[in-house]
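Single-structure report; data block below.
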Amino acid sequence: QVQLVESGGGLVQAGGSLRLSCAASGRTFSSYAMGWFRQSLGKEREFVAAISWSRGSTVYADSVKDRFTISRDKVKNTVYLQMNSLKPEDTAVYYCAAESGGWGPGVEAEEEYDYWGQGTQVTVLS
């Protein structure tokens with residue numbers, strides 16, 4: 001059974017940094033795509049970033065490009081989201097997700113993802 005557990009959320013001042021972690025277990029993820037999504041109060045969940053587990057290819061939403069970095073540690077089976085230059089509009093619950101279909105044009109679509117973590121709250125103060 002696949003389990004994704006996020007951690008690392010919290011409260012930070014605008015301009016600060018946080019690193020989110022997603023510990024993945026229950027499966028070999030070598031063929032998976034891993035993604036981060038977020039949902040702000042009153043808004044729909046939106047794509048943030050994704051990475052190919054095997055090749056390390058990445059893609060980002062325009063709103064976070066050049067500020068956020070997604071990475072993975074194959075030994076620790078963990079995906080990270082390094083968030084720098086945080087803005088109040090980055091405030092959201094951040095979710096880790098896994099897509100068994102692998103890397104492809106659909107990695108930005110949440111309906112493509114099979115497994116989800118419980119989410120971790122990130123609050124950026126102005």
Is there a donor-acceptor contact under 3.5 Å from the side chain of Glu44 to the main chain of Gln39?
no

When every non-hydrogen atom of Ser85 is compared with those of Ser17, the smallest separation belongs to N-OG, 4.4 Å

Heavy-atom closest pair (Cys96 atom, Met34 atom, distance to 0.1 Å) is SG-CE, 4.2 Å

Candidates Leu86, Thr123, Thr120 - the one meeting side-chain contact (heavy atoms from CB on, under 4.5 Å) with Leu18:
Leu86

Does any pair with a residue in residues 71-110 pass ring-ring contact (aromatic ring centres under 6.0 Å, His included), and if so which ones, sequence neighbours excluded?
none

Do the side chain of Asp114 and the main chain of Ser100 share a donor and acceptor less than 3.5 angstrom apart?
yes

Kindly compute the distance separating CD (Glu110) from CD (Glu99), expressed to the nearest 0.5 Å.
12.0 Å

Within one Ile-Leu-Val-Met-Phe-Trp-Tyr cluster: Leu81 and Ile51, side-chain cutoff 4.5 Å
yes

For the ring pair Trp53 and Phe29, is the centre-to-centre distance below 6.0 Å?
yes

Say whether, by atom type as modelled, one donor and one acceptor occur between the side chain of Thr91 and the main chain of Val124 under 3.5 angstrom.
yes

Given the side-chain rings of Phe68 and Trp36, with only the six-membered ring counted for Trp, is the space between their centroids under 6.0 Å?
no

With the 4.5 Å side-chain cut-off for hydrophobic clustering, are Val107 and Ile70 part of the same group?
no

How about Leu11 and Leu125: do any of their side-chain heavy atoms sit closer than 4.5 Å?
yes

Side chains of Met83 and Arg19 in contact at under 4.5 Å (non-hydrogen atoms):
no

Tell me whether Val93 is reachable from Tyr115 by hopping between hydrophobic residues (I, L, V, M, F, W, Y) whose side-chain heavy atoms are closer than 4.5 Å.
no

Could you check whether atom CD of Glu111 has more than 12 heavy atoms from other residues, nucleotides or ligands sitting under 6.0 Å from it?
yes

Applying the 4.5 Å side-chain criterion to the ILVMFWY set and letting contacts propagate, would Phe37 and Leu20 be lumped into a single cluster?
no

Where the side chain of Glu6 meets the backbone of Cys22, is there a donor-acceptor pair that is under 3.5 Å apart?
no

Any salt bridge (charged side-chain N to carboxylate O under 4.0 Å, His left out) pairs touching residues 66-85, not counting sequence neighbours?
Arg67-Asp90

So, Tyr60 versus Phe47, ring centres under 6.0 angstrom or not?
no

Taking atom CG of Asn77 and atom CD of Gln3, what is their separation to the nearest 0.5 Å?
12.0 Å

Looking at Ala14 and Ser126, what are the two nearest heavy atoms and their distance?
CB-CA, 4.3 Å

Can you list the steps and then say if Val48 with Glu108 is a side-chain contact (heavy atoms from CB on, under 4.5 Å)?
CA-CA 8 Å; Val48 175; Glu108 298 181 41; over 6 Å; no

At their closest point, which heavy atom of Tyr32 faces which heavy atom of Ala98, and how far apart are they?
CD2-CB, 3.8 Å

Determine whether a donor-acceptor pair (N or O, by modelled atom type, separation under 3.5 Å) exists between the side chain of Ser52 and the backbone of Arg55.
yes

Among the clusters formed by ILVMFWY side chains lying less than 4.5 Å apart, do Val2 and Trp116 turn up in the same one?
no

